[in-house]
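First up is the structure itself, then whatever we jot down about it.
Atoms within each ligand, like the ligands themselves, are counted from 1 in listed order. Everything numeric in this text was worked out from a predicted model, so none of it was measured.
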Amino acid sequence: MKVFISVDIEGISGIVDNTMTSRTQGDYEKGRALMVGDVNAAIEGILSVGPAEITVSDAHGGMNNINPEALHSDAILVRGRPKPQSQMAGVDKTFDAAMFIGYHSMKGTHLGILSHTYSGGNIESLHINDLEVGETAMNAGIAGYYGVPLVLVAGDLAVTKEAKALNPEIHTVATKEAISRVAAKCLHPQKSRGLIKAEAIRAIEDTENIKPFVFPPPVTYRIRFTDAKRADAASFMPSAKRLDGKTIIITQNDYIKAYHGFLAAVMCATSVS
Ligand SMILES: [Zn+2]
């Protein structure tokens with residue numbers, strides 16, 4: 001069994017605002033410790049089913065949040081940025097299942113803790129083939145491109161609903177329930193780690209029954225930026241077509257090529273922010 005785990009921070013147990021998610025903030029060390037606690041719970045669940053090769057991809061910010069020594073010693077850690085496939089770096093067709101831990105809902109979600117879509121200050125909305133998506137669908141599409149099913153999503157209640165809307169077969173764990181974008185009712189981390197471990201076991205046992213999530217080609221990314229200057233910069237890319245003041249589209253026959261176009265467009269947009 002080969003399992004790929006992408007780990008973000010906003011959906012991690014106990015985290016409700018940016019004081020624990022950014023390297024420049026005072027409680028960051030607590031946030032990164034909570035992050036590794038949730039991912040280790042998933043790893044323990046996977047390994048309790050049977051032997052497994054596990055790759056963990058650090059998917060937040062600088063992608064260097066997980067302390068290598070704190071991670072379960074049986075997992076390979078992918079860290080650093082920028083890199084191909086970004087939050088999904090390391091996944092390929094040799095994997096049997098993918099899990100997302102600490103994930104959050106798309107930008108603008110009502111009652112979604114720290115809701116945003118990849119780059120909160122730059123992106124107002126993202127559609128792939130006319131489906132409005134957040135990071136869960138976008139990254140599930142990368143796993144799906146390689147024939148790998150997304151079997152477990154853990155994060156706040158809003159992202160679990162977003163995952164179920166993509167595919168009701170996906171197993172989910174809600175670690176907290178938002179009462180605003182930056183406040184939530186949180187389970188104790190020990191409690192949510194127990195739930196993550198238990199659901200990881202069920203998800204691994206159920207893997208053969210869960211279909212990969214695939215965006216059929218040709219793949220169109222429609223990126224609406226937060227202002228026109230960001231779209232101005234992104235539209236310098238030869239593959240980009242300007243739709244309106246704030247929006248560009250990128251169409252490719254290959255999902256990963258389209259996704260990499262998206263990453264490059266976001267880098268262009270960020271350069272003028
Ligand atoms: Zn993040």
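Rounding to 10 degrees gives 130° for the angle at the Zn ion (ligand 1) between OD1 of Asp8 and OE2 of Glu10.
Under the ring pair (Phe, Tyr, Trp, His ring centres under 6.0 Å) criterion, Tyr118 pairs with Phe262, sequence neighbours left out.
For the pair Asn40 (side chain) and His72 (backbone), a donor-acceptor distance under 3.5 Å is present.
With a 6.0 Å cutoff to the six-membered ring centre and a 45° limit on the axis angle, Lys93 does not count as a cation-pi contact of Tyr146.
Residues in residues 165-214 take part in these ring-ring contact (aromatic ring centres under 6.0 Å, His included) pairs, two or more places apart or across chains: Phe213-Phe215.
His60 has its closest N, O or S atom to the Zn ion (ligand 1) at the position named ND1.
Checking His116 against the Zn ion (ligand 1), every N/O/S atom stays at or beyond the 2.8 Å cut-off.
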